[in-house]
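Chain identifiers are assigned alphabetically (A, B, ...) following the order of the sequence lines, protein sequences preceding nucleic acid strands; residue numbering begins at 1 within each chain.
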Number of protein chains: 2
Amino acid sequence: MQCEPLQIDKHKKEMMAVQDSMDVLNGKWKISIISSICYYNKRRFSDILNDVAGISNKMLSKELKELEMNQLVKRTVLDTQPITVQYELTEHGLTLKTIINHLTDWGKEHRKKIIGE
Amino acid sequence: MQCEPLQIDKHKKEMMAVQDSMDVLNGKWKISIISSICYYNKRRFSDILNDVAGISNKMLSKELKELEMNQLVKRTVLDTQPITVQYELTEHGLTLKTIINHLTDWGKEHRKKIIGE
DNA sequence: CGGGATCCTTACTGATACTG
DNA sequence: CAGTATCAGTAAGGATCCCG
């Protein structure tokens, strides 16, 4: 394919940006975890554990830590007995909402297309 | 959080749909591969190998096969010497374009936010 | 050029048990 | 409840060589 040099640069940058996104959202669970928190606004550890079918507490703990490091979720310890920990999306994390919504819609369509044919 | 039962059902379905999407798009490379094909419309094996920084031919081969199975990409063998294989998105694959674009934009923003601070 | 086959290493993941 | 620690299996990924 023949492209203007400027076009090629543009595509390279776009590719890099996509990679950057995927570096943050990598792994089997991250998107699902974000979705869970996103759909409910605030969510406790054990709730997310239930929402995300199949995840282990170890994985959830690890993934949440990474998401927190990337400033996508905020962790709040509530002073209850026993202790409760609440997760919510940061402002930055909330900017993923559009993508989550699209993925939700796309997932439904895909299921129809592939599984339902 | 107190929710109407209907709300809970809705969230569960949304979570499932997200999972379905991620099942198809799993792995470190799929999104990047789709992006490469998407941005260039048509793309050869070795071109994608170059676009997606760090991927090995084995992985690319495997991932493309899976994407083909899920009817997201179409594989065309061109009768050149030596052989050329061209990949393009199917109609169904093209419905991911919106998500790719959002991920591109989000990646740029995220880089500013995290790396550039 | 576009892969497949092989070997090898590391990363991911799950199950279970345990702690504050 | 919200994790951590340990162990152990599986899968992902890379490097290299090979073939039509």
**Asked** Rounded to the nearest Å, what distance is computed from the CD1 atom of residue A:I33 to the P atom of nucleotide C:dT13?
**Response** 10 Å

**Message:** Below 4.0 Å from chain A heavy atoms, what is the first contacting nucleotide of DNA chain D and what is the last?
**Reply:** D:dC1 to D:dC7

**Complete:** Contacts of B:Q71 meeting side chain to side chain donor-acceptor pair (under 3.5 Å) (sequence neighbours excluded), chain-then-number -> A:E117

List, one per line, each side-chain donor-acceptor pair under 3.5 Å for residues 94-102 of chain A, sequence neighbours excluded.
| unit_1 | atom_1 | unit_2 | atom_2 | d |
| --- | --- | --- | --- | --- |
| A:T95 | OG1 | A:H92 | O | 2.4 |
| A:T95 | OG1 | B:W106 | NE1 | 2.8 |
| A:H102 | ND1 | A:T98 | O | 3.0 |

Using atom types as modelled, flag every donor-acceptor pair under 3.5 Å from a side chain in residues 63-70 of chain B to any protein atom, sequence neighbours excluded.
| unit_1 | atom_1 | unit_2 | atom_2 | d |
| --- | --- | --- | --- | --- |
| B:E63 | OE1 | B:K30 | NZ | 3.2 |
| B:E66 | OE1 | B:K30 | NZ | 2.9 |
| B:N70 | ND2 | B:E66 | O | 3.3 |

**Item:** Whole angstrom value for the distance that separates P of C:dG2 from CG of B:D47
**Value:** 7 Å

**Request:** Please identify each residue that fulfils salt bridge (charged side-chain N to carboxylate O under 4.0 Å, His left out) with A:R111, with sequence neighbours left out.
**Result:** B:D20

**Request:** May I have the distance from B:R43 (atom CZ) to C:dC1 (atom C1'), rounded to whole angstrom?
**Result:** 15 Å

**Item:** Spacing of CD1 belonging to B:I37 relative to CD belonging to B:Q86, to within rounding of 0.5 Å
**Value:** 10.0 Å

So which protein nitrogen or oxygen atoms get under 3.5 Å of nucleotides 14-20 of chain C's nitrogens or oxygens?
| unit_1 | atom_1 | unit_2 | atom_2 | d |
| --- | --- | --- | --- | --- |
| C:dG14 | N7 | A:K58 | NZ | 3.3 |
| C:dG14 | O6 | A:K58 | NZ | 2.1 |

**Fill in**
Sequence neighbours excluded, the answer for side chain to side chain donor-acceptor pair (under 3.5 Å) partners of B:E88 is none

**Message:** Just the rounded figure in Å: distance from C1' of C:dT13 to CG of A:L60.
**Reply:** 13 Å

**Message:** So, using side chain to side chain donor-acceptor pair (under 3.5 Å) as the criterion, who are the partners of B:T76 when residues are at least two apart?
**Reply:** none

**Message:** Walk me through whether B:V77 and B:R75 qualify under side chain to side chain contact (heavy atoms under 4.5 Å, CB included).
**Reply:** CA-CA 7 Å; B:V77 180; B:R75 180 177 180 276; 3.7 Å; yes

**Item:** Distance (rounded to the nearest 0.5 Å) between B:R44 CZ and B:L49 CG
**Value:** 11.0 Å

**Request:** Give, ordered by number, those residues of residues 61-79 of chain A having at least one heavy-atom distance below 4.0 Å to an atom of DNA chain D; if nothing qualifies, reply none.
**Result:** A:S61, A:K65, A:R75

**Prompt:** Residues in side chain to side chain donor-acceptor pair (under 3.5 Å) with A:S21, at least two apart?
**Reply:** none

**Prompt:** Heavy-atom count around B:K108 NZ within 6.0 Å, excluding the residue itself: above 12?
**Reply:** yes

**Prompt:** Angle, rounded to 10°, between the helical axes spanning five pairs at each terminus of the helix from C:dC1-D:dG20 to C:dG20-D:dC1?
**Reply:** 50°

**Request:** List for me each residue that meets salt bridge (charged side-chain N to carboxylate O under 4.0 Å, His left out) alongside B:D105, sequence neighbours excluded, and say none if there are none.
**Result:** none

**Message:** Tell me whether the side-chain N/O atoms of B:Y87 come closer than 4.0 Å to OP1 or OP2 in C:dC1.
**Reply:** no

**Asked** CE of A:M22 to CD1 of B:I31: how many Å apart, nearest 0.5 Å?
**Response** 4.5 Å

